[in-house]
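When a ligand or atom number is given, it counts from 1 through the structure's own listing order.
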Amino acid sequence: MSEAFNVADIFGENVFNDTVMKERLPKKVYQEVRKVIDDGADLTIEIADVVANAMKDWAIERGATHYTHWFQPLTGVTAEKHDSFISSPKADGKVLMEFSGKELIKGEPDASSFPSGGLRATFEARGYTAWDCTSPAFIKQDAAGTILCIPTAFCSYTGEALDKKTPLLRSMEAVNTQALRIVKLFGNTTATKVTSSVGPEQEYFLVDRDKYLKRKDLIFTGRTLFGAMPPKGQELDDHYFGTIRERIAAYMKDLNEELWKLGIPAKTQHNEVAPAQHELAPIYEEANVAVDHNQVTMEIMKKVAGRHNLVCLLHEKPFAGVNGSGKHNNWSLTTDDGMNLLDPGKRPHENRQFLLVLTAIMKAVKTHSDLLRESAGNPGNDHRLGANEAPPAIISMFLGDQLRDIVDQIIETGSATSSLKAGKLDTGVSTLPNLRKDATDRNRTSPFAFTGNKFEFRMVGSSDSVASPNIVLNTIVAEAFCDIADELEKADDFDKAVDEMIHKLAVENKDIVYDADGYSDEWIAEAEKRGLPNLKTMVDAIPALTTDKAVKLFEKFGVFTKAELESRAEVQYEAYAKAINIEAKAMIDIAGKQIIPSVIKATIDLAASINEVTAACPDADVSVQKELLEETSDLLSETKVALSKLQDVVVESETKAEGEEKAKFFKDTVKPAMDALRAPVDKLEMIVDKDAWPMPSYGDLIFEV
Ligand code: ADP
Ligand code: MG
């Protein structure tokens, strides 16, 4: 048991945050740095030197020996390369601890092996990391010692983004500029900045480490490639929000403590729908910091699990047949004078600015639903989207009763004259408090739902960075704001022009709104009628990145160049092909070396038992044993045929051109061959003696944590 502590005392203790800077930097330097953080001014090398020195002293006092530029290449995980603070030894053989402004602001990792989709081959092989002073530096303590981590952007020699942070920062600037035009139109004279806020709810599984180590599929791919369903699944819903078991609670406690020390505002924790599945939600932060914090959170979740002899699975679909994991991306826009542009207020039908923002978002999502869908694509998520546990792969918006009613009024009559009121909740018990209901119920089946004062994008996969969805959200909304502001800034009668604009936007984009059951077949048919894209897989969605529409959008707002978009599409295709290739090879390995030998042994044992029983009792009825032996042998032969087929197509994949062709081959040919191998193996698992099965079952993994 760890000692009692006060959360407020430990919160942020490992972060070089504003308070630390205020304490440790000369006042003038502090003000300069603040200006860079708040307004994006240029940082001089003199200032950087002072900051670097203060950062180094602070880190060394906490035991740090090394620093690293911490960045987010296109692999989806974070990268670091540690350098110690020691200077070259002096004549007396002693060293000093040094860290210069230059080392703080710029790094040059030899990062030629990170995916660049051909960008660096075309331009220049070098990659640089540049200090992102808007996300505070922090120290990480683990077996590698104590490391000062400096969040950085990662770019090529000629400035092309090679990471997820650079375009995110660019998109935040774009939406800031355009949103400011909108609030100014409504007479706001005090706001100087609009920031996108993000709160990502993180789902995950915890399994016992000893059992995990017996599952090669989990080790190599993060998900089970074989596995029959246990007799009990999640149908009782007895896990969801259930009492948290002690072993898990101890993990959560430890995890929270680590996160709080890093200034990550972990807030909510509960059991999720599937057995062994849980969720952690932080309090929302500026998009950039929220994305960094989510990356750190995922890393710490895995690290802390090890201490409890658990393994944290972040894969979108670790187990077939039970719910997978996602990451709800809550998003809103806030001005620096304290206004949430997505807050409808008490009388939303009269809140013109809100209605303009809402209908602008409708336009943005309608116009670029393909991009939003693409931003949530990863190989794991293909198992979830559209599988009745996550939203379908079709993007639509849920507004809820109140806003839906207002938008309908606007569409029908040009304006709205009333807002549905939220009622009181009558529990029928006099001793319970009277609760006010939200004006809007929830709709879990919608991929993009309005939830009170934010939108919740629910498609993102649990293992993914939330950078891409927020890059897309910020940029598409910036575009809608820009188009709208271009018109409204010219208007003579502003009020009239705004009303007309809201009406026009609502009418033109109403097809993106869908409030009913997004899991139903009716919706698939209806969406097709409406012409909404249904991009079923990650591979189907990748072309959205490089359409003329997308290139125009991203170039206009300086978020991506055409070359950057093309490189990202290439990286996505390659990531897909690689992921499925690893899965296929792991299946081949497991089926060939573990499953088939175990099943052969089981058939030998069965045959022997038939002989033994017959020898002991010639009249005994051995039909059950015989039937089982026949069934097992048939499935074994089916397995071998499917295994050979999978081996063949994996070999064939090597003849396909890198990129789209290969990715499509994996999707259309390799994946079906994997499914064909899994089917007989899962049937075998149901009939073969448990002791003979070479790995822990689903039941062992998810019910016995
Ligand atoms: P819910 O249960 O509706 O999903 P919560 O209030 O628990 O909602 O919020 C879920 C996540 O949304 C949390 O990370 C929370 O901090 C975040 N969130 C709340 N308000 C906002 C907002 N205005 N902008 C962005 N994220 C928000
Ligand atoms: Mg939520």
List ligand 1 atoms under 4.0 Å from [X], heavy atoms only on the residue side.
X: E456; value: 4 (O)
X: N340; value: 23 (N)
X: I283; value: 16 (O)
X: G199; value: 14 (O), 26 (N)

### Query
Are D38 and R34 close enough for a salt bridge, meaning some N to O gap below 4.0 Å?
yes
#### Entry: Under-4.0 Å salt bridge between R568 and E374
no
### Task
Drop me the distance from D292's CG to T134's OG1, to the nearest 0.5 angstrom.
8.0 Å
## Note on the structure
Test side chain to side chain contact (heavy atoms under 4.5 Å, CB included), reference P379, set M538, R223, K317, output is M538
### Query
For the side chain of E272 and the backbone of Y204, is there at least one donor-acceptor N/O pair under 3.5 Å apart?
no
### Task
Evaluate side chain to side chain donor-acceptor pair (under 3.5 Å) for H349 paired with S418, printing each intermediate quantity in order.
CA-CA 6 Å; H349 67 284; S418 64; 6.0 Å; no
### Message
Heavy atoms only: which of P200, A281, P282, S197 lies closest to atom 15 (C) of ligand 1?
### Response
P282
### Summary
Of E201, H328, E279, K454, the residue with the heavy atom nearest atom 8 (O) of ligand 1 is K454
### Message
Heavy-atom pairs closer than 4.0 Å: do any link ligand 1 to the side chain of N453, the backbone, both, or neither?
### Response
both
